[in-house]
Amino acid sequence: MRSLLYVPGSSERMIEKARGTVADAIILDLEDSIPLDQKESARETVARTLREMDFGERQVFVRINSLATSQSIEDARAVAAAGNAGILIPKVESPDEISTIAPILASGASAARTLQLLCLIESPRGVLACREIATASPMVGGVVFGSADLVREVGCRPTSGEPELLYARSHVLLAARAAGVAAYDSPHFGIADLDGLHLACQAARHLGYDGKTVIHPSHIAIVNEAFNPTEAEINEAKRVVAALEEANLTGLGAIALDGKLIDQVHLAHARKILSRLSH
């Protein structure tokens with residue numbers, strides 16, 4: 001997944017609109033975008049939407065409320081009952097939270113679809129425990145870096161490019177890679193700042209992130225494009241694959257291509273680039 005679009009779970013109109021976008025995934029939100037007195041009605045709206053609305057092959061997740069609240073378990077049960085959406089757990093700080101939610105989601109999973117958990121890492125404790133969180137269950141499909149809450153808890157003041165968050169952002173990415181799961185960057189909060197979005201996408205992609213969460217439909221195309229392989233990368237990957245596969249047939253595991261040594265590590269990387277062309 002390259003783009004994961006947040007949509008308030010209380011608005012059927014906005015959910016319907018999200019279905020018409022090119023986002024790779026939709027996250028129906030029951031947490032930050034929902035006032036406390038609307039939590040129950042939003043949960044009912046999301047449950048009804050999951051039962052009645054056809055999302056096709058697109059991945060759908062529901063961001064439940066934090067396990068520190070009284071709403072979280074009922075949120076998870078409502079998602080599990082629908083049987084066709086994964087769960088994004090916010091403010092994850094311990095593997096125990098995964099152990100609580102994973103069995104609930106698994107209880108409603110249909111045999112036709114493998115449902116995933118995504119873990120939102122947005123606190124100092126979450127960052128430092130990220131590897132243990134990412135390996136807590138086979139149902140964990142990825143981790144999501146959450147900058148807004150982390151900034152508040154750390155007390156930093158991000159400047160252009162957010163170098164103040166580089167350590168935390170890198171730590172979450174490395175934990176994801178160590179666990180063998182996907183990593184998704186935080187959204188860009190400047191809705192009209194498309195130049196800033198471009199820069200943020202490029203920085204996340206260069207760091208190694210797989211995609212980015214999105215808070216506005218106008219950001220989706222930019223995010224998708226940023227996390228697609230470039231034409232130059234695709235052509236280079238094809239040349240590497242062709243050259244090394246031919247070399248492997250003759251018993252060679254490493255060869256020179258354009259004056260540079262390439263080996264099986266380069267072959268694996270090239271194949272990973274080409275695997276993204278299905279988008």
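Side-chain contact annotation: Asp263 with His266, donor-acceptor N/O pair under 3.5 Å present. Between Thr45 and Glu12, the side chains place no donor N or O within less than 3.5 Å of an acceptor N or O (distance only, hydrogens not considered). No side-chain donor from either of Ser147 and Arg169 sits under 3.5 Å from a side-chain acceptor of the other.
The CD1 atom of Ile26 sits 10.0 Å away from atom CG of Leu4, with the distance rounded to the nearest 0.5 Å. In this structure, Ile15 CD1 and Ser10 OG are separated by 7.5 Å, a value rounded to the nearest 0.5 Å. Taking CD1 of Ile64 as the start and CD of Gln71 as the end, the distance is 10.5 Å to the nearest 0.5 Å. Expressed to the nearest 0.5 Å, how far CD1 of Ile89 lies from CZ of Phe61 amounts to 11.5 Å. For the atom pair Gln264 CD and Leu244 CG, the distance stands at 6.0 Å (nearest 0.5 Å). Taking OG of Ser123 as the start and CG of Asp149 as the end, the distance is 8.5 Å to the nearest 0.5 Å.
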* To do: Would you sort out whether His188 and Ile222 count as a side-chain contact (heavy atoms from CB on, under 4.5 Å), showing the intermediate values?
  => CA-CA 11 Å; His188 184 69; Ile222 294 172; over 6 Å; no
* Would Asp195 and Asp193 satisfy side-chain contact (heavy atoms from CB on, under 4.5 Å), going step by step from the backbone distance to the final call? -> CA-CA 6 Å; Asp195 289 339; Asp193 178 23; 4.2 Å; yes
* Determine, step by step, whether Glu74 and Lys39 satisfy the salt bridge (charged side-chain N to carboxylate O under 4.0 Å, His left out) criterion, reporting the C-alpha distance in whole Å, the side-chain angles of both residues, the deciding distance to 0.1 Å, and the verdict. => CA-CA 11 Å; Glu74 288 306 311; Lys39 295 290 188 182; over 6 Å; no
* To do: Run the numbers on Leu257 and Val240 for side-chain contact (heavy atoms from CB on, under 4.5 Å), then give the verdict.
  => CA-CA 8 Å; Leu257 181 66; Val240 168; 4.1 Å; yes
* Steps toward side-chain contact (heavy atoms from CB on, under 4.5 Å) verdict (Val62, Leu50) -> CA-CA 10 Å; Val62 178; Leu50 292 175; 4.0 Å; yes
* Residues Arg13, Glu16; criterion salt bridge (charged side-chain N to carboxylate O under 4.0 Å, His left out); working and verdict -> CA-CA 5 Å; Arg13 179 186 62 81; Glu16 178 63 42; over 6 Å; no
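In this structure, Leu199 is not a member of the same hydrophobic cluster as Leu166, with clusters built from ILVMFWY side-chain heavy atoms closer than 4.5 Å. Note on Phe55 and Ile220: same hydrophobic cluster, where clusters join Ile, Leu, Val, Met, Phe, Trp and Tyr whose side-chain heavy atoms are under 4.5 Å apart, directly or indirectly. Each of Val143 and Leu174 belongs to its own hydrophobic cluster when Ile, Leu, Val, Met, Phe, Trp and Tyr are linked at side-chain heavy-atom distances under 4.5 angstrom. Residue Ile273 is not grouped with residue Tyr209 when hydrophobic side chains (ILVMFWY) are merged at heavy-atom distances under 4.5 angstrom, including chains of intermediate members. At a threshold of 4.5 Å between side-chain heavy atoms, the hydrophobic network of Ile, Leu, Val, Met, Phe, Trp and Tyr places Leu128 and Val92 in two separate groups.
Between Leu120 and Glu122 there is a side-chain heavy-atom pair separated by less than 4.5 Å. In this structure, the side chains of Leu88 and Tyr184 stay at 4.5 Å or more apart for every pair of heavy atoms. Between Arg271 and Leu267, some side-chain heavy-atom pair lies under the 4.5 Å cut-off.
Looking only at distances, a side-chain donor or acceptor of Asp210 sits under 3.5 Å from a matching main-chain atom of Ala183. Side-chain atoms of Arg125 do not come within 3.5 Å of backbone N or O of Ser94 as any donor-acceptor pair. Judged by distance alone, with hydrogens and angles left aside, the side-chain atoms of Thr213 form no donor-acceptor pair with the main-chain N or O of Ser3 at under 3.5 Å. Between the Thr100 side chain and the Asp96 main chain, a donor and an acceptor come within less than 3.5 Å of each other. With hydrogens and angles disregarded, a donor-acceptor distance shorter than 3.5 Å links the side chain of Lys212 to the backbone of Ser186. The backbone N or O of Asn228 sits nowhere less than 3.5 Å from a side-chain atom of Arg2 that would complete a donor-acceptor pair. At least one donor-acceptor pair closer than 3.5 Å links the side chain of His171 to the backbone N or O of Val127. For Gln59 (side chain) and Asp24 (main-chain N/O), no donor-acceptor pair under 3.5 Å exists by modelled atom type.
Closest approach of Arg205 and Ala226 over heavy atoms only: CD-O, 2.8 Å. In terms of heavy-atom proximity, Cys119 sits nearest to Ile98 at SG-CD1, 3.3 Å. The minimum heavy-atom distance between Ile133 and Glu93, with the atom names listed, is CD1-C, 3.8 Å. Of all heavy-atom pairs spanning Asn248 and Gly253, the tightest one is OD1-CA, 3.9 Å. Closest approach of Pro124 to Leu150, counting heavy atoms only: N-CD1, 3.6 Å. Closest of all the heavy-atom pairs between Leu5 and Ala23 is CB-CB, 3.9 Å.
A salt bridge is defined here as a Lys NZ or Arg NE, NH1 or NH2 lying under 4.0 Å from an Asp or Glu carboxylate O, and Arg43 with Glu40 fails to meet this definition.
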Quick one: side chains of residues 27-35, donor-acceptor pairs under 3.5 Å with protein atoms, not counting sequence neighbours, listed by atom name and distance.
from  : atom 1 : to    : atom 2 : distance (Å)
Asp29 : OD1    : Glu31 : N      : 2.9
Asp29 : OD1    : Arg63 : NE     : 2.7
Asp29 : OD1    : Arg63 : NH2    : 3.3
Asp29 : OD2    : Ser33 : N      : 3.0
Asp29 : OD2    : Ser33 : OG     : 2.7
Asp29 : OD2    : Arg63 : NH2    : 3.1
Glu31 : OE1    : Arg63 : NE     : 3.3
Glu31 : OE1    : Arg63 : NH1    : 3.4
Glu31 : OE2    : Lys91 : NZ     : 2.6

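In Glu132, the CD atom is crowded: over 12 heavy atoms of neighbouring residues, nucleotides or ligands sit closer than 6.0 Å. Within 6.0 Å of atom CD in Glu231, 12 or fewer heavy atoms from other residues, nucleotides or ligands are found, so the atom counts as exposed in its surroundings.
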